[in-house]
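The structure appears right after this line, and notes come after that.
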Amino acid sequence: MKKLIITLFTTLTIISCTQNDEIDQQLELNKHIKLKKNTSDISNDFFKMGVTNVIVKKESNTIEYNFNTKKNFFINGKSVDLSKYTFQFSNNFLTIKNHSYFKLSIVNNKPYVVSDMYTGIINYNNKLFTNTNFNILLFAMKEITTPYEQKFNSKQLLKYQIKDVGFGIPIICMLLVVVEV
């Protein structure tokens, strides 16, 4: 009986290690990362979340992403300021620095998660979506994989300001830029 348990445990361990090695070989987040330098070019979604620019810091095999923000946004009833988070890309996974409960990558062009709650391709009916940190990490992964062609320069957009001209009526004041050709 003892020998059977040891054999079963050894077999399960070997199968588990083989499956993990196969997944490690399929991880492809590094191929999808578009955000490789500091920029004020951001996606519309991130601009709506208050992000104005991205700071990218590379150290040996790790890339850190920090976001400067002008406002908070709400997710799952919580107010979130993305400037309070640092995201790390290392070993083909994206994590929130000091909160590595979730690791995200891409397998077969689909988001892949490793966590205590669930490991595998993300099913959009999954309970992970009730976790604020998971959602924030997923948003960050979307931003770093979004091509520059689908982003705009937030500095240009921030030149437009909303002013109150009295009687509670806001107007949009535009700064016109004259370009000489």
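Within the model, atoms CG of Asn61 and CZ of Phe89 stand 10.0 Å from one another, a figure rounded to the nearest 0.5 Å. In this structure, the separation between OH on Tyr112 and NZ on Lys103 is 10.5 Å, given to the nearest 0.5 Å. The line from OG1 of Thr130 to CG of Asn135 is 8.0 Å long, rounded to the nearest 0.5 Å. Distance check, rounded to the nearest 0.5 Å: OG of Ser43 to OH of Tyr148 gives 11.5 Å. Distance check: Leu138 CG to Phe102 CZ gives 11.0 Å after rounding to the nearest 0.5 Å. A distance of 11.5 Å separates OG of Ser40 from CD1 of Ile55, quoted to the nearest 0.5 Å.
Counting heavy atoms of neighbouring residues, nucleotides and ligands inside a 6.0 Å radius, atom CG of Asn30 exceeds 12 of them.
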| query | Should Asn38 and Asn53 be marked as a side chain to side chain contact (heavy atoms under 4.5 Å, CB included) after you check the CA-CA gap, both sets of side-chain angles, and the distance that decides it? | reply | CA-CA 8 Å; Asn38 295 349; Asn53 66 315; over 6 Å; no
| said: Working note: Ser115 + Tyr101, criterion side chain to side chain contact (heavy atoms under 4.5 Å, CB included); need CA distance, chi angles, decisive distance, verdict. | reply: CA-CA 6 Å; Ser115 74; Tyr101 313 120; 5.9 Å; no
| task | Verify side chain to side chain contact (heavy atoms under 4.5 Å, CB included) between Lys110 and Ile121, making sure each step is shown before the conclusion. | result | CA-CA 7 Å; Lys110 296 178 183 167; Ile121 301 291; 3.9 Å; yes
| query | Can you list the steps and then say if Asn109 with Glu28 is a side chain to side chain contact (heavy atoms under 4.5 Å, CB included)? | reply | CA-CA 8 Å; Asn109 292 320; Glu28 39 187 63; 3.4 Å; yes
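Side-chain atoms of Thr95 never come within 3.5 Å of backbone atoms of Lys97 as a donor-acceptor pair (strictly under, hydrogens ignored). Counting only distance, with no hydrogens or angles, the side chain of Asn72 and the backbone of Ser79 share no donor-acceptor pair below 3.5 Å. Judged by distance alone, with hydrogens and angles left aside, the side-chain atoms of Tyr65 form no donor-acceptor pair with the main-chain N or O of Met141 at under 3.5 Å.
Contact record, Glu143 with Phe67: CG-CE2, 4.4 Å, taken as the closest heavy-atom pair. Closest approach of Asn92 and Leu27 over heavy atoms only: ND2-O, 3.0 Å. Residues Ile106 and Thr145 approach most closely at CD1-CG2, 4.3 Å, considering heavy atoms. Residues Lys71 and Lys48 share a closest heavy-atom pair of CE-O, 3.2 Å. Residues Gln26 and Val107 come closest through the heavy atom pair OE1-CG1, 3.4 Å. Of all heavy-atom pairs between Thr132 and Lys78, the closest is OG1-CD, 3.5 Å.
Asn68 and Ser83 form no side-chain donor-acceptor contact under 3.5 Å, judged by distance and modelled atom types alone. Under the 3.5 Å distance criterion, with hydrogens and angles disregarded, a donor-acceptor pair is assigned to the side chains of Thr69 and Asp81. A side-chain donor-acceptor contact under 3.5 Å links Asn66 and Thr86.
At least one side-chain heavy atom of Ile42 sits less than 4.5 Å from a side-chain heavy atom of Val54. Residues Leu29 and Leu104 have side chains not in contact (no heavy-atom distance under 4.5 Å, counting atoms from C-beta outward). Phe87 is listed as a side-chain neighbour of Leu82, based on a closest heavy-atom distance under 4.5 Å. Using a 4.5 Å cut-off on side-chain heavy atoms (C-beta onward), Thr146 and Phe46 make no contact. You'll find the side chain of Lys34 stays beyond 4.5 Å of the side chain of Ile144, heavy atoms only. Between Asp45 and Lys142 the shortest side-chain heavy-atom distance falls below 4.5 Å.
Using a 4.0 Å cut-off between charged side-chain N and carboxylate O, Glu149 and Lys151 make no salt bridge.
Qualifying ring-ring contact (aromatic ring centres under 6.0 Å, His included) partners for Phe129, counting only residues two or more places apart in sequence or in other chains: Tyr124, Phe134.
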